[in-house]
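Owing to the predicted nature of the structure, the values given are computational and were not obtained by experimental measurement. Numbers here are sequence positions counted from 1.
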Amino acid sequence: MKTYIFLPPVKKPTGGITVLRQIADILHQSGREAFLVVRDKGSWRPEGLADSAPVLEWDDMRLTPSDIWLVPEGWINALTPGLATGARCMSYVQNWAYLFSSLPEGVTWDKLPVEFLAVSDPVAFYVKEATGKDALILRPGIDRTIFFPPEKKKSATMTVAWMPRKNKAVAAQIKSIFEHRNGPDVIRWRAIEGMDAFGVADALRSSHIFLMTGFPEGCPLPPLEAMACGCLPVGFSGFGGWDYMRQVQSPPRFTPWWPLRDVPWSGNGLWCADGDALDAALCLEEAVKLVTDGGAGLDAALQAGQNTADAYSTDMQKDSVLAMWDAL
């Protein structure tokens, strides 16, 4: 059984593209035949990585009925070679918001011989409720040799990290509400942008709080990376974040209406409904007070963050990928 994974045409790798590459590399390094498939000559492809999965051009792919053809959600036309040859077709849903985005008119998922992988438990729930189909869950991983906590936060100034590319207007609204309530000099804002993974980790290690403004999301990695680096995360879940997000607030102002799986960690952040700028600002205010006051409550939240990050390590991802492919 060979595995072919479609790599969408992009100029630079996103988080979702990185996860596809990680899966291919895990399979390749375990001795399985796995390939990344690119369609456009000028699109990004991995280079300079030790023992990485081979990259095939689209026209060089030769699918058979015994092969797996894995395509990320939103690229339904890319399923065509697998459907035509009778290969085992799988759609990997990393963001639930794009599940229906490229379906041709008159085509529905229940009519297609396609199986689903989901990046998180909430995404699997979404797929089941929306299409009636089950989805195997394959979570992403973060590198704990890069994302780890400092011995102590060095900056005396309360620093809040955030990602400007994630719903910038909503983030600006949260900032305005917070500063109107607390003054403009209570915290320092640190933008996470234009950095490689090492730069992101360094920025998070020197921050106290991470403001999550992204939605929709399948299983957002930035809050996990922030927890791993010793930040207290605050903000939106993107829906998929509830795979691992649990409330510090007791009782919480916001509670998901969808089912949450049991996890071995306790509250790891202050979470609010997506797009609720007012509650996000109030959560940020609570987080600042929690960090400023210190004590057992903060220690418990930060330790829960470490436990959460450990459960999403690249080692755990590797074990999950190999176990799933053994079952397949």
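- Taking the side chain as every heavy atom from C-beta outward, Trp69 and Arg88 never approach each other to under 4.5 Å.
- Summarising the geometry of Gln249 relative to Cys283, their closest heavy-atom pair is NE2-SG, 3.6 Å, with the distance given to 0.1 Å.
- Atoms CG and CE, from Leu27 and Met1 in turn, are 8.0 Å apart once rounded to the nearest 0.5 Å.
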Requested in this report: Might you work through the salt bridge (Lys or Arg N to Asp or Glu O under 4.0 Å) test for Lys11 and Asp40, ending with a clear yes or no?
Outcome: CA-CA 11 Å; Lys11 294 299 182 185; Asp40 296 348; over 6 Å; no
Requested in this report: Walk me through it: do Arg190 and Thr159 pass the test side chain to side chain donor-acceptor pair (under 3.5 Å)?
Outcome: CA-CA 7 Å; Arg190 169 169 286 134; Thr159 303; 4.7 Å; no
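- One distance of note links CG of Asn167 with CD of Gln173; it measures 11.5 Å at 0.5 Å rounding.
- Checked against the 6.0 Å centroid threshold, Phe236 and Trp271 do not count as a close aromatic pair.
- Between Arg205 and Glu151 there is no salt bridge, since no side-chain N of the basic residue sits under 4.0 Å from a carboxylate O of the acidic one.
- When atom types are taken as modelled, the side chain of Ser102 and the backbone of Ile76 share a donor-acceptor pair closer than 3.5 angstrom.
- A distance-only check finds no donor-acceptor pair linking the side chain of Glu225 to the backbone of Ala201 [under 3.5 Å].
- The main-chain N or O of Pro220 is found under 3.5 Å from a side-chain atom of Tyr244 such that the two form a donor-acceptor pair.
- With salt bridges taken as basic N to acidic carboxylate O contacts below 4.0 Å, one links Arg261 and Asp243.
- The shortest side-chain heavy-atom distance between Phe148 and Cys229 does not fall under the 4.5 Å cut-off.
- Pro54 and His28 get closest at one heavy-atom pair: CD-ND1, 3.7 Å.
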Query raised in the report: Between Val288 and Thr292, is a side-chain contact (heavy atoms from CB on, under 4.5 Å) present by the stated rule, with each step listed?
Result: CA-CA 6 Å; Val288 169; Thr292 301; 4.0 Å; yes
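- Annotation: side chain of Tyr92 is in contact with side chain of Leu138 (closest heavy-atom distance under 4.5 Å).
- Residues Phe116 and Trp109 place their aromatic rings such that the two centres sit under 6.0 Å apart.
- Contact detail for Pro252 and Gln247: the closest heavy-atom pair is CB-CG, 3.7 Å.
- No donor-acceptor distance shorter than 3.5 angstrom exists from the side chain of Asp279 to the backbone of Ala273, with no hydrogens or angles considered.
- Under the 3.5 Å distance criterion, with hydrogens and angles disregarded, a donor-acceptor pair is assigned to the side chains of Asn182 and Glu285.
- Judged purely by distance below 3.5 Å, without hydrogens or angles, the side chains of Asp315 and Ser313 never pair a donor atom with an acceptor atom.
- With hydrogens and angles left out, the side-chain atoms of Asn268 and Thr308 include a donor and acceptor closer than 3.5 Å.
- Between Phe147 atom CZ and Phe198 atom CZ the span is 8.5 Å, to the nearest 0.5 Å.
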Report task. Evaluate the criterion side-chain contact (heavy atoms from CB on, under 4.5 Å) for residue pair Val19 and Gln317; output intermediate values, then yes/no. Result -> CA-CA 10 Å; Val19 171; Gln317 180 192 27; 4.3 Å; yes
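- In this structure the side chain of Pro72 never reaches within 4.5 angstrom of the side chain of Tyr98, judged on heavy atoms.
- At a threshold of 4.0 Å, the pair Asp25-Lys318 does not count as salt-bridged, since none of the basic side-chain nitrogens sits closer than that to a carboxylate oxygen.
- Counting only N and O atoms by type, the side chains of Gln303 and Asp299 include no donor and acceptor under 3.5 Å apart.
- A chain of hydrophobic side-chain contacts below 4.5 Å, direct or via other Ile, Leu, Val, Met, Phe, Trp or Tyr residues, connects Val119 to Val263.
- Taking 4.0 Å as the cut-off between side-chain N and carboxylate O, Glu193 and Lys166 do not count as a salt-bridged pair.
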Query raised in the report: So His208 and Val160, side-chain contact (heavy atoms from CB on, under 4.5 Å) or not? Walk me through it.
Result: CA-CA 6 Å; His208 302 87; Val160 177; over 6 Å; no
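- Leu136 and Leu79 fall within the same hydrophobic cluster, where Ile, Leu, Val, Met, Phe, Trp and Tyr residues are linked whenever their side-chain heavy atoms come under 4.5 Å apart, directly or through other members.
- Taking all atoms of both residues into account, the shortest heavy-atom contact from Pro113 to Leu83 is CG-CD2, 3.7 Å.
- Under the 4.5 Å side-chain criterion, counting only non-hydrogen atoms from C-beta, Ile209 is not in contact with Pro233.
- Residues Leu322 and Phe35 share a hydrophobic cluster, clusters being chains of Ile/Leu/Val/Met/Phe/Trp/Tyr side chains in contact below 4.5 Å.
- Side-chain contact of Gln94 with Glu73: a donor-acceptor pair under 3.5 Å is absent, judged by distance alone.
- In this structure, Arg39 forms no cation-pi arrangement with Phe6, as its terminal cationic atom is not both closer than 6.0 Å to the ring centre and no more than 45° off the ring axis.
- When hydrophobic clusters are built by joining Ile, Leu, Val, Met, Phe, Trp and Tyr residues whose side-chain heavy atoms come closer than 4.5 Å, directly or via intermediates, Met90 is grouped together with Trp58.
- Between the Asp67 side chain and the Thr3 main chain, no donor and acceptor come within less than 3.5 Å of each other.
- For the residue pair Val186 and Met158, the shortest heavy atom distance occurs at O-CB, 3.9 Å.
- Within the 4.5 Å cutoff, side-chain heavy atoms of Ile177 are placed close to those of Leu278.
- Arg165 CZ to Thr213 OG1: the interatomic distance, rounded to the nearest 0.5 Å, is 9.5 Å.
- Here the two rings, on Phe239 and Trp258, have centers that are under 6.0 Å apart.
- Judged by distance alone, with hydrogens and angles left aside, the side-chain atoms of Arg62 form a donor-acceptor pair with the main-chain N or O of Asp59 at under 3.5 Å.
- Under the 3.5 Å distance criterion, the side-chain polar atoms of Ser120 are matched with a main-chain donor or acceptor of Gly218.
- Under a hydrophobic clustering in which Ile, Leu, Val, Met, Phe, Trp and Tyr are joined whenever their side-chain heavy atoms come within less than 4.5 Å, directly or via other members, Phe215 and Phe125 fall into different clusters.
- How far CG of Leu224 is from OH of Tyr312: 6.5 Å, rounded to the nearest 0.5 Å.
- Side-chain contact check for Leu56 versus Tyr4: some heavy-atom pair is nearer than 4.5 Å.
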Query - Verdict with reasoning, Val107 to Lys111, per side-chain contact (heavy atoms from CB on, under 4.5 Å) - result: CA-CA 7 Å; Val107 176; Lys111 301 290 198 306; 5.8 Å; no
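- When the shell of 6.0 Å around NZ of Lys2 is examined, it contains 12 or fewer heavy atoms from other residues, nucleotides or ligands.
- Of all non-hydrogen atoms in Asn95 and Pro216, the two that sit nearest each other are ND2-O, 3.3 Å.
- Interatomic distance, Met212 CE to Ile174 CD1, rounded to the nearest 0.5 Å: 11.0 Å.
- When side chains are defined from C-beta on, Pro8 counts as touching Ile17, because their heavy atoms get closer than 4.5 Å.
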